[in-house]
Structure formats: C-alpha cells, structure tokens
Amino acid sequence: MNNMEKESTLTTMPAINDGARISGSEAVIRALINEGVDTVFGYPGGAIMPIYDEVFKFDEQISHVLTRHEQGAVHAAQGYSRASGKVGVCFATSGPGATNLVTGIADAQVDSTPLVCITGQVPSGLLGSSAFQEIDIIGISMPITKWNFQVTRAEEIPEAIARAFYVARSGRPGPVLIDITKDAQFGLLDFHYAPCQGIRSYKPVPDLDEFRVAEAASLINAAQQPLILAGHGILLSGAEKELLELAEKADIPVACTLLGLSVMPDDHPNYVGMLGMHGNYAPNKLTNECDVLIAIGMRFDDRVTGDLSQYARQAKVIHIEIDPSEIDKNVKADIPVLGDAREVLQALNEKIKPAAHAEWRARFRELEQVEFDKIIYHDTTPTEGQIKMGEVINLVSQQTKGEAVIVSDVGQHQMMTARYYKFNRPDSHITSGGLGTMGFALPAAFGAKLASPNRQVVAVVGDGGVQMTIQELATMVQYHVPVKIIVLNNNFLGMVRQWQQLFFEKRYASTEMVNPAFAEVAKGFGLESKRIAERAGLARAIADMLAWEGPYLLEVAVEKEENIFPMIPSGAAVTDMRLE
Amino acid sequence: MKEKEQEEVFTISVLTENKSGLLNAITIIFTRRKMNIEALNVSETEIEGVSRFTIIIQSTFNRAEQVVKQINKLVEVLGSFLYREDEVYYQEIALFKMGTAAFLNNNTIERVVRNNGARILVIERDHIVIEKTGHRDEIRALRKKLEPFGLLEFVRSGRVAISKARRKTHEFLKELEQANYFTSENNYQ
C-alpha cells in the first residue's frame, strides 16, 4: 500500500524516548506511540487495568475505542488495518477476554493482516495455578499467530512490543500476541525505545533471484495464452501499478482472488473477473486452457482451485510469492519466484516485451457474455418478484461509483458483493476470506471507517452474520462513526441452505431464521434505519442511506430461496463450473 | 502435485534460538497434519544459546518438505533442514536392565554384550544395566537376544544426528547474521 494515498490521520508525535523510570503499563502506551499508533480497540478487565489507567492518562495521543465484545475489538482492528495498511492494535484482559480474541486472531493469520494484540495476564506468581481468569493464551494462540510472547518483567516490554510490530508488519504480515502479567504492568523500568530493525532468525522477504525473474520473463514473452491470477499479496505490497504495467505491456488477462479484488479497476479491458467457487465463468473455465499461469501473491486456496488433479495441468506455472512455504504446497510451480510482489514485478516488467493477445482475451469476453445472459443480467436487473441480492449490490455500486470501501460478511451476500460491486480503487474490499468468519463485517466496517473517515464505508451483511456481532451498533453510536450497513435478509442461512438444496435434497436442517425487526433493533441502539421490501423504493432507500450523515442500517427483505451461481461444486474441477 | 509417493524415514534438524514454548510451536505443526513424530531430541549445540531439535518422521517427501518450510517460518527458528537416511550420521542409545542372576549361571550374556558392541554400565546386587549405542535395527537385534535371559526394563532414546554436509553451525549462523538470509545447507533442492 506504499504508493497509495491514505486518509487516516497518522500521528507525527515526537517519539517519547527519554530514559525515564516508568511503570510497565506506561511503557506499553509509550511504545505504541513510538510505533505511530493512534487508535486502539479493546475491552478492559482485571488483569489489564494498569494499562487502562495509562490509556486514561494518554487519551490525547491514543484514542481507545471500547467495543462491546472482544471479538468486536479484534475485527475492528482488522478492518482498520486492511483499510489503512497500518498495524491494527487491540487490548483485552486475561481469561475470557483473551479467548474472545481467538477467532479474530485466526482470521488475521489466514488473511495476512498485521495485528498486535495485547492481553493482560494474572501476576506471574500465579501462572499455572488456575487463578481467577487465568488461561494459557500463549499456548492457545500459538498456532494462530505469526509470533507470540509472554512478558513477566517490566523491563521486557519495550523490546517485546518493538519486535511485535516488526514481525506483524514485515514480510507476509500477520497477527502477534503479547501477553503481559499484571506484576510486569506494575513493575518499573528505565524506558528506552528502539524500533526493531531485524531478528537474526527471521527473514521477512526472500532475496530477489534475478535468474528466476529472467526465466519467468522468457516464459511470459513466449506465451500465447497467458493468464494472471492476482492475489492479496499485490495489495499488501502496493504493487497495483506494477501489475497494471505487466498486464498492459504484455496484454495479459487478469483474474482476481476474493482477497485480490479491487487490485485493478473493474472496467479495465484486461480485467476478466474473480476466480473461485462462485467467481466468474470465464477465468475459471479458461484456467484450464491458458499456457502460462502467472500467480502473484496468492496461495491456490482450495476455493480457487477446486480439484487439484484437474487444475491447470496444461499450463506452465509461475508463482510469485513472499512466503516460501506456499510454493509447491497445492500447485507445483514450474518457476517459483520468491519475493515481495512489487519488487518482483518491477524487475520482471523490465524484461517483458510488448505483446498482443486480442484473440485470447476475446475468449474471456465470449464466456463473460454467456454468464451475463444466463446469470448476471437476471441477478442485477430483475423486474419482477422479490428484491434480489445482486440488484442491491449493483445499485450500491452505481450510486457510490465504485469508490466506496465495501466490507462484507460471510455467505451468499459476500459472494454477491464480490461479484457485483465494481471496484474502482485499491484496498476497497474487506472481507473474511480464508477463515470465513461470520460476524466479521459489522466491527470490521467500523474499524475501516475510523481508518478512512473520508471514504464511504458500506457493510453488507446477512441476517445470520449480523446477529453474531450486532452489539457493535452501540459502539458506532457511541463514537459517532457513520458506517452504512445493509442487511440482506432472506430469513435463512442462505449459503448453507443452498448447499442443502443442491447436495442434501432440500433437507433444511436449522437454517431458517425467525429474525428480529432489524430496523427497529437499530433504532433502539440509536441508529437511523429503514426496512424495505419493495423494488420500487430500493434505489431511493440506498441513496438516503448513503446521504445520511451518521451510522445507518438499511434492512432489505430479499428473495428467500435465491441461489448463487455460477458454482464449482465442492471438489469438482474448475471446468465443471455450473451456470445453473 | 506429485502422484502417489513412497513414504520414507526423514531426519529433520532444526536450529533455534533458546526460547521457551518453541518445542510446542514446532510439534503443533506435525499435530495439525496428524503426523506422528517417531523420535525427538533437543540438545544444545556448539554455539551458546542455540538449540538443535532432531526430529524423526516417516512421511512422503512432499509432506516432509512442507513441514520443514512451515517450521522455518517460526520467528525463532534459525534454520530447518530435511535429510534422507543416507545424508546423516546418526545414533540412538538404549539401556537394558537385566536380573543379576542371569549372569551368574554362565557367560553367554557377557558374550552377547561383547559381540554386539554393547557394554555393561552398572552392576548391582540384584540387577545389571547394559548400554548399547547404534542404529535402531542393531538395538532391536540385541533386545531379541537379551529377552530370553529375563529383560526387566528397556528404554531407547530418540535419534541424534549430524549431517554429512560440510558446513558448520557457526558458519551457518554467521551467514544468517550477515545476510539475514539462508539457503538450505543440504542438497535436496
């Protein structure tokens, strides 16, 4: 995200580094200020109270946002990070406070989101004794963090936090957890802060291998039917411009993963849509016809590849990736190019010869037309029956001109959002991809809006997911954060219902929901809201929502048993994608 | 993806900073894939503050390679290396506790001990402890021979292994510190 304008207000506070004798808890806050942190999401409790006492004292430098649940805090920190490119920070107390962070930490690990989570812990003398609110959060978070560390002495705090930020943001980003015992928070230390410059046992970015770059270039230069698969790594390294250059110079079609969406403008002639189970027809089908597959900053998730034994067997695979453990994990790379996406693409572009693949690109347009006639047209511009999810997204896309930050939850509405919102700007699509965490959108949208106050932030969420973190509406009201929330209500856990219909002979086990009146609930929380069920007033209702100055919840009653197509059935090949 | 692969025995050698919790961080990488660790040994190295984990697994090459890469990702891991059986020198140690009576009747056991490169470690009034260092099949063979004489207790260690490659740990560390980067010290890539 280096080369992008960011609207978040970066504090340019002078570093506090005065060698004063201070408490461990004050050192925590001073370390955060040194790292440029201006917003922390969290929830207090017994074992972290000394740190909160410092939050009180330093409230002019760091604003703390009290969410209504620790899960809300960690998802908000994720949304904040994904929208700003900065490290998201959250606080929680020991025991249940810490365990409530677990889902969000796991989500951040899978989706490479830099977080620093700070948890309070019982005094070190009580460790291992099952003391009140004691839990081994270091053990619990080990498989879901990039790094974690327990601090038991005040003097360890500056270095631990410096390392935490370095590890979280460098290389392939990820979440870090620092657990601080209460006695370490109370203890005194001589404060000196030095940002971490490196760790000898940790190599964040592999060195660029010029030989591999040259090999990749000659393969691309000789390709007749190349295809680029663009992933999250491009957004993380800020390589959008370099990607465009490669695509335009060598005239290569570009398909995105779910997390790669918004990496290039939707209306770009080389953009051919989204990959994966509910992605677009053309890029999935033609994955098995390309001769050179150029995967950039993506990891060949099973939702992208379907059956691996029938995935792109005809193609030579170039895999540009920062994380060596992703190479050959799912798809064998003929030419692995390790490194930061931006750095690799810069080197690669120098060796790329201009080419034209008009005929090959036309193949995508043909299949796109098939998908449009069969599906897209009916999804986005229906004229009768109940409101469809796709038409809501289509209207939001038109009315925001593709310029909004879109935060989606998990399920059918997520896929509809990914398919029908036409992104014009990078870092505009925030969703829980790898972990698929329902309840993500509401708090993540809140965090995203705090990070980009000048952009319209729209959360799209289903009736199931919204009820998992609905209490965060109170947070939006308390902090006057004008997130726009669209609840697409079909009174079903729609994605599971669709699978039950298609693969379990319509046995709808526990997927139908009797829901509260969401608009009324929102009013109770203090949000402006509206419920709409008729097509006639839909466009107007969306416009009203977008124009409203505060947070707003719009409940849209949508068709009850709508299915999302196209679809690659679980375990099938990309070429088996079904249009109905 | 490669098609059906043969399973074989691999030695994984991991150089790490000395940090508590690292054993857990390493083993959960195997647990997650439901892979069984056949033997595990943690020891100091010739460099102060650097530990070596020696892990033995039975696996396909592909799976073993993935695991090694994931171990390498751990922040405190300096380097993680995968070896086939013919790429390492290795030994295990076994202790056999026998009743002293078996030795009093004749000298057969003593001959077995001598002929198998084992040695008598302890002689007490009621028991004798025999020590054998070697490969697993040698230890197994000795155990078979001792069993008829009344084996009271048996214990065998995990493997310790040293690679045949020439590079030394401190040279490897120096390179890490200079370049903050490493390539694999063995030759499987």
Side-chain angles (χ1 to χ4, degrees), chain A residues 109 127 136-150 152 163-164 166-168 170-172 174 176-177 179 196-209 300 305 307-313 317 321-333 336 338-339, chain B residues 1-5 14-33 47 49-53 60-80 82 169-170 172-184 188-189:
Chain A
Q109 170 85 336
L127 284 172
D136 174 18
I137 194 61
I138 290 296
I140 288 173
S141 65
M142 203 168 266
I144 51 168
T145 48
K146 192 171 168 190
W147 184 63
N148 67 15
F149 186 74
Q150 185 172 60
T152 51
R163 276 196 169 208
Y166 175 72
V167 170
S170 59
R172 179 177 180 178
V176 169
L177 184 138
D179 191 38
C196 181
Q197 309 285 351
I199 300 169
R200 76 168 175 179
S201 55
Y202 168 63
K203 170 78 183 168
V205 184
D207 294 329
L208 192 63
D209 185 340
F300 292 108
T305 63
D307 180 7
L308 278 171
S309 70
Q310 298 180 67
Y311 182 81
R313 306 294 285 196
V317 176
E321 172 58 50
I322 198 165
D323 177 354
S325 77
E326 294 296 349
I327 301 287
D328 294 347
K329 188 181 79 178
N330 296 331
V331 171
K332 185 100 186 134
L338 286 172
Chain B
M1 292 281 281
K2 277 186 190 165
E3 313 301 334
K4 266 189 190 165
E5 264 198 307
V14 188
L15 291 170
T16 73
E17 303 287 6
N18 195 351
K19 184 223 174 194
S20 72
L22 207 48
L23 173 62
N24 193 7
I26 290 172
T27 53
I28 54 180
I29 290 173
F30 296 90
T31 319
R32 185 178 173 193
R33 291 171 175 257
I47 314 287
V50 174
S51 306
R52 184 188 290 277
F53 289 69
T60 63
F61 179 77
N62 265 352
R63 270 160 75 83
E65 195 186 25
Q66 280 304 314
V67 164
V68 166
K69 284 181 182 176
Q70 284 176 343
I71 293 172
N72 245 330
K73 271 174 79 168
L74 296 173
V75 167
E76 279 98 354
V77 165
L78 294 152
S80 175
L82 181 65
T169 309
H170 69 262
F172 166 70
L173 280 182
K174 202 180 290 170
E175 279 171 34
L176 264 188
E177 278 159 7
Q178 281 165 1
N180 194 10
Y181 182 55
F182 63 90
T183 46
S184 178
Y188 72 81
Q189 281 178 325

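Chain letters run A, B, ... following the sequence lines, proteins first and then strands; every chain starts at 1.
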Look only at the side chain of B/K73 and the backbone of A/D323, and say whether a donor-acceptor pair between them is shorter than 3.5 Å.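 Such a contact is absent between B/K73 side chain and A/D323 backbone.
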Can you give me the closest heavy-atom contact between A/R200 and B/V50, atom names plus distance?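 A/R200 and B/V50 have their closest heavy atoms at NH2-CG2, 3.6 Å.
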Please give me the minimum heavy-atom distance between B/V75 and A/W147, naming the atom from each residue. CB-CD1, 3.7 Å
Working to the nearest 0.5 Å, report the span between CD of A/E326 and CD of B/Q70.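 Nearest 0.5 Å value for the CD-CD distance: 8.0 Å.
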Euclidean distance, A/M142 CE relative to B/T27 OG1, rounded to 0.5 Å: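 Between B/T27 OG1 and A/M142 CE, I get 8.5 Å after rounding to 0.5 Å.
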Under a 4.5 Å heavy-atom cut-off, does chain A meet the side chain of [X], its backbone, both or neither?
X	answer
B/Q66	side chain
B/E17	side chain
B/L74	backbone

A/I138 versus chain B, heavy atoms under 4.5 Å apart: side chain, backbone, both or neither?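 Looking at A/I138, nothing touches chain B.
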Is A/N148 in contact with chain B via its backbone, its side chain, both, or neither, using a 4.5 Å heavy-atom distance? both
Given A/I327 and B/K69, is the side chain to side chain contact (heavy atoms under 4.5 Å, CB included) satisfied, shown in steps? CA-CA 9 Å; A/I327 301 287; B/K69 284 181 182 176; 3.9 Å; yes
Greater than 12 external heavy atoms within 6.0 Å of B/R33's CZ: yes
From CA spacing to verdict: side chain to side chain contact (heavy atoms under 4.5 Å, CB included), B/V77, A/S201: CA-CA 6 Å; B/V77 165; A/S201 55; 5.9 Å; no
